[in-house]
Amino acid sequence: MATSRRALAAHCALALRAASPGARVIDDRNALLPLLVKFDALRSYSRFEAVEMRADRARMDEVTRRFLGVLAQARLLHLRLAGGGMADTPALAPVRAALERAAAVLERGAAAPALPENRAACTELSRLRRDLAALGRQIAQTEHGLPFEARAEAVLICRQAAEMLRGLALLFVAEGAVFRPQPAGVAPSKEARRTAQASALMQGARAALALLVFCAIWYATQWDQGLAGITGLALMNYQCVNTDDPEKLGWPYLRAVAAACLAAYATMGFIYPWLEGFEALALFLLAVLVPAGLLIGTPRHARAAGTFIIFYVAAAATGNVFTPDPLALANFCFALAFGMFVCLMVARLVPVTAKGARHRVAARTRGVLLPEVARGLRPAAPASREMLESLGALLPQMSLARPAHDMLARGLLASAASAWELGRLRRIADSPGLPERLRGSMRDGLAIFAAAPGASPLAAEEALARIRSGLAGETRPE
């Protein structure tokens, strides 16, 4: 959790600087999402803890949602800064200085190892947020010799940076509250719960099918090592669960187990009979286990080496009196590997993927949530929260190395930020003090965006053009 917090603070500091390369910001964000998946695993495990831990699970949900919300804000802010939103004029020097101070604070927060530093960082972030909000109001009220669009961009940047800092401060507070026994917070949206429950139900049904297939084979053959096969099936099911590509982890795991069983059989049949005394056994085991232990320290071979050690020790274990039974060992190892093979084949023949859930989330975001926010039928905050919760539920089954998965993650983050912007535009359009002509232009633009199928970029451009025409009409000198 602390690692994720530090990495997010460093990412926000990067996003606050217009000179940061866009590719570096994207790579940094993509590196953050796997950290969030690891944290999500911690959140998932808490479901199986005692009843009093379930409040902590709700807070972990809140941390995940706020983490994604800060990522969305940082993405939108850097796009504005990198797109020339901050004009290089003396009038905006205080804003640039405030952004730089905020980046420096975040960099110090990224190096903070413990929670007390969070409190100090939250205090300073709150002060900077107030300073940025005040600067935005000052720029909005005075011309500073700037064109209207430059002033509008500067105001939006100030507000966006202030909102990002507020979200980061709230994330720090939520992180500190995870381990406090207090009432649970906001419940997850129905769509996010439905996605998670449907995935869990399908995964459970596939595991039950694999178990039934193996039990049928066990019953038909009266295999005396059927229980070992069930053990292998359960272990392989753990490798296959919650992934769109179970074979990616399944086959290497099965190969490592097979190698460990073969090595244990060779040890039992050909090495143990020649060993005399504990010293010889210890030296032999050192020669086998130390190289495998060294491989565990290498990321590429860690999983295979760890699996080999576990199953080799389990299969080659012997008592004080060596009683060799190679056939019984071979029977046990074959049952173990066969149970894994059955589970892997069922996982291959009955794929359970999040593809349908991903399409459903993307379609609901583009076709329902964003248009309803643009029409004023749904508040921006709940819509954005639902998008981020859906992304959090899908992340464990996504591989950002795949273009489609990366595009969906970027699209949901962008949509969450767009929902906030649409909500702000809707509130402005509905404000009573707005000139009637500008009100009509803004409502027409939002209606064009909402009516377009899938909230297309062309509709967004047309909506912006309509709003700009209304602004031009109001700012044109008489």
Side-chain angles (χ1 to χ4, degrees), residues 41 44-50 196-269 272 288-289 292 296 302-319 322-354 396-397:
S44 300
Y45 298 155
S46 71
R47 297 186 183 198
F48 302 99
E49 299 289 345
Q197 290 168 357
S199 177
L201 180 62
M202 291 187 291
Q203 295 280 358
R206 185 176 68 180
L209 177 61
L211 185 62
L212 286 174
V213 170
F214 186 85
C215 286
I217 297 173
W218 185 7
Y219 179 79
T221 59
Q222 298 295 309
W223 201 352
D224 61 344
Q225 290 290 343
L227 189 59
I230 294 293
T231 302
L233 186 145
L235 291 170
M236 180 57 72
N237 185 65
Y238 175 77
Q239 303 297 320
C240 295
V241 76
N242 211 24
T243 175
D244 279 5
D245 187 9
E247 296 181 70
K248 183 178 180 180
L249 295 178
W251 283 117
Y253 188 78
L254 181 56
R255 286 194 292 267
V257 171
C261 290
L262 289 174
Y265 181 83
T267 300
M268 184 76 71
Y272 282 171
V288 174
L289 298 181
I296 291 178
R303 182 184 294 271
T307 303
F308 177 87
I309 287 178
I310 292 170
F311 284 93
Y312 176 79
V313 171
T318 182
F322 175 56
T323 52
D325 192 352
L327 289 179
L329 176 63
N331 192 16
F332 169 80
C333 291
F334 179 75
L336 189 72
F338 184 71
M340 293 183 179
F341 178 77
V342 168
C343 181
L344 197 54
M345 287 298 99
V346 171
R348 182 177 184 178
L349 295 174
V350 186
V352 175
T353 70
Q397 292 179 263

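For clarity, every value in this text was computed on a predicted model and none was experimentally measured. Quick note: residue numbers are just sequence positions, from 1.
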Test side-chain contact (heavy atoms from CB on, under 4.5 Å) applied to Arg303 and Leu249, step by step: CA-CA 9 Å; Arg303 182 184 294 271; Leu249 295 178; 4.0 Å; yes

Verdict with reasoning, Tyr253 to Leu344, per side-chain contact (heavy atoms from CB on, under 4.5 Å): CA-CA 10 Å; Tyr253 188 78; Leu344 197 54; over 6 Å; no

Whether Tyr272 side chain and Ala316 backbone form a donor-acceptor pair below 3.5 Å: yes

Intermediate values then yes/no, side-chain contact (heavy atoms from CB on, under 4.5 Å), Ile309 and Ile296: CA-CA 10 Å; Ile309 287 178; Ile296 291 178; 3.7 Å; yes

Contacts of type side-chain hydrogen bond (donor to acceptor under 3.5 Å, both in side chains), residue Arg255, not counting sequence neighbours: none

Side chain to side chain, Val313 and Leu289, heavy atoms closer than 4.5 Å: yes

Atom pair CD1/CD of Ile217 and Gln222 - distance to nearest 0.5 Å: 13.5 Å

Nearest-0.5 Å distance, CG of residue Leu327 to CE of residue Met268: 12.0 Å

Spacing of CZ belonging to Phe332 relative to SG belonging to Cys261, to within rounding of 0.5 Å: 7.0 Å

Pairs satisfying salt bridge (charged side-chain N to carboxylate O under 4.0 Å, His left out), at least one member in residues 327-353, at least two apart: Glu247-Arg348

Parallel, tilted or perpendicular: rings of Phe214 and Trp218 (30°, 60°): tilted

Residues that Asn331 engages under side-chain hydrogen bond (donor to acceptor under 3.5 Å, both in side chains), provided they are two or more places apart: Trp223, Asp224

Residues Leu235, Gln239; criterion side-chain contact (heavy atoms from CB on, under 4.5 Å); working and verdict: CA-CA 7 Å; Leu235 291 170; Gln239 303 297 320; over 6 Å; no

